[in-house]
**Q** 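Below you will find the structure I want to go over with you.
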Amino acid sequence: QVQLVESGGGLVQPGGSLRLSCAASGSIFSFYPMTWYRQAPGKQRELVAAIGSGGTTNYADSVKGRFIISIRDNAKNTVYLQMNSLKPEDTAVYYCNVRYSYWGQGTQVTVSS
């Protein structure tokens with residue numbers, strides 16, 4: 001059983017920043033890759049960012065240069081998503097995922113003035 005606990009969502013003005021956190025626990029060999037997805041109303045869930053065990057990262061074109069995925073240094077089971085220069089189109093429920101198999105409960109991010 002794997003549990004993912006997300007935090008950090010909320011309401012922010014355009015141009016602002018938020019940081020999402022996801023702490024994973026459970027008895028599996030590895031939590032990697034760790035990824036963030038998002039789903040906006042009426043749209044399919046999409047991959048936002050991914051990080052592998054070696055630190056390799058990948059981003060959706062829509063967030064490159066604005067979002068940063070990282071792992072907590074002293075706790076390899078925690079993944080962050082630093083979101084900068086937020087736009088209204090970033091509004092969505094953001095989900096943490098590990099090994100493309102396990103999902104968090106989701107956290108709402110709303111970008112609005």
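The figures that follow rest on heavy atoms only: side chains count, while hydrogens, waters and symmetry mates do not.
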**Q** Within a 6.0 Å radius of atom CD on E89, are there more than 12 heavy atoms belonging to other residues, nucleotides or ligands?
**A** yes
**Q** May I ask you to test the Q1-S27 pair for a side-chain heavy-atom distance under 4.5 Å?
**A** no
**Q** Kindly write out the residues that satisfy side chain to side chain donor-acceptor pair (under 3.5 Å) with T57, not counting sequence neighbours, or none if the list is empty.
**A** none
**Q** Taking atom CD of Q3 as the centre, report whether more than 12 heavy atoms of other residues, nucleotides or ligands fall under 6.0 Å from it.
**A** no
**Q** Hydrophobic cluster membership, with links at side-chain heavy-atom distances under 4.5 Å among I/L/V/M/F/W/Y: are L20 and V2 in one?
**A** yes
**Q** Test your reading of the model: is there a side-chain donor-acceptor pair from N77 to the backbone of A23, 3.5 Å cut-off?
**A** no
**Q** Please find the pair of heavy atoms, one from V93 and one from G106, that lie closest to each other, and give the distance.
**A** CG1-CA, 3.8 Å
**Q** Between the main-chain N or O of V111 and the side-chain N or O of T91, is there a donor-acceptor pair closer than 3.5 Å?
**A** yes
**Q** Would you mind reporting whether I71 and F31 have side-chain heavy atoms less than 4.5 Å apart?
**A** no
**Q** Any donor and acceptor pair, going by atom type alone, linking the side chain of R66 with main-chain N or O of S85 inside 3.5 Å?
**A** yes
**Q** Under a 4.5 Å side-chain heavy-atom rule over Ile, Leu, Val, Met, Phe, Trp and Tyr, are Y95 and Y100 clustered together?
**A** yes
**Q** Hey, does T110 have a side-chain heavy atom less than 4.5 Å from the side chain of V12?
**A** no
**Q** What pair of heavy atoms forms the shortest contact from S113 to P14, and how long is it?
**A** N-CD, 3.7 Å
**Q** Given side chains that start at C-beta, do those of N97 and W36 come closer than 4.5 Å, heavy atoms only?
**A** no
**Q** Name all residues meeting the ring-ring contact (aromatic ring centres under 6.0 Å, His included) criterion together with Y59; count only those two or more places apart in sequence or in a different chain, and write none if there are none.
**A** none
**Q** Measure the CG-OG distance between L81 and S70 for me, rounded to the nearest 0.5 Å.
**A** 8.5 Å
**Q** Within a strict 4.5 Å, meaning less than it, do heavy atoms of the V109 and L18 side chains meet?
**A** yes
**Q** Rounded to the nearest 0.5 Å, what separates atom OG1 in T35 from atom CD1 in I69?
**A** 7.0 Å
**Q** Look up atom OG in S17 and atom CD in Q82, then write down how far apart they are to the nearest 0.5 Å.
**A** 5.5 Å
**Q** Salt bridge check: are D61 and K64 linked by an N-O gap of less than 4.0 Å?
**A** yes
**Q** Verify whether one side chain among R38 and Y94 offers a donor that lies under 3.5 Å from an acceptor in the other.
**A** yes
**Q** Between G104 and L4, which heavy-atom pair has the shortest distance, and what is it?
**A** N-CD1, 3.5 Å
**Q** With no hydrogens and no angle check, is any side-chain donor or acceptor of T107 less than 3.5 Å from a backbone partner on G9?
**A** yes
**Q** With distance as the sole test, does E6 use its side chain to make a donor-acceptor pair with the main-chain N or O of C22 at under 3.5 Å?
**A** no
**Q** Assess the residue pair V48 and F67 against the criterion (side chain to side chain contact (heavy atoms under 4.5 Å, CB included)); give the C-alpha distance rounded to whole Å, side-chain angles, the decisive distance to 0.1 Å, and a yes or no.
**A** CA-CA 9 Å; V48 176; F67 290 12; 3.7 Å; yes
**Q** Side-chain contact test, heavy atoms from C-beta onward, threshold under 4.5 Å: evaluate it for S112 versus Q13 and give yes or no.
**A** no
**Q** Apply ring-ring contact (aromatic ring centres under 6.0 Å, His included) to residues Y37 and W103 and explain how you reach the verdict.
**A** CA-CA 10 Å; Y37 286 74; W103 293 95; 4.9 Å; yes
**Q** Is I68 reachable from M34 through a run of hydrophobic residues whose side-chain heavy atoms are each under 4.5 Å from the next?
**A** yes
**Q** Is there a side-chain contact between V79 and Y32 (heavy atoms, below 4.5 Å)?
**A** no
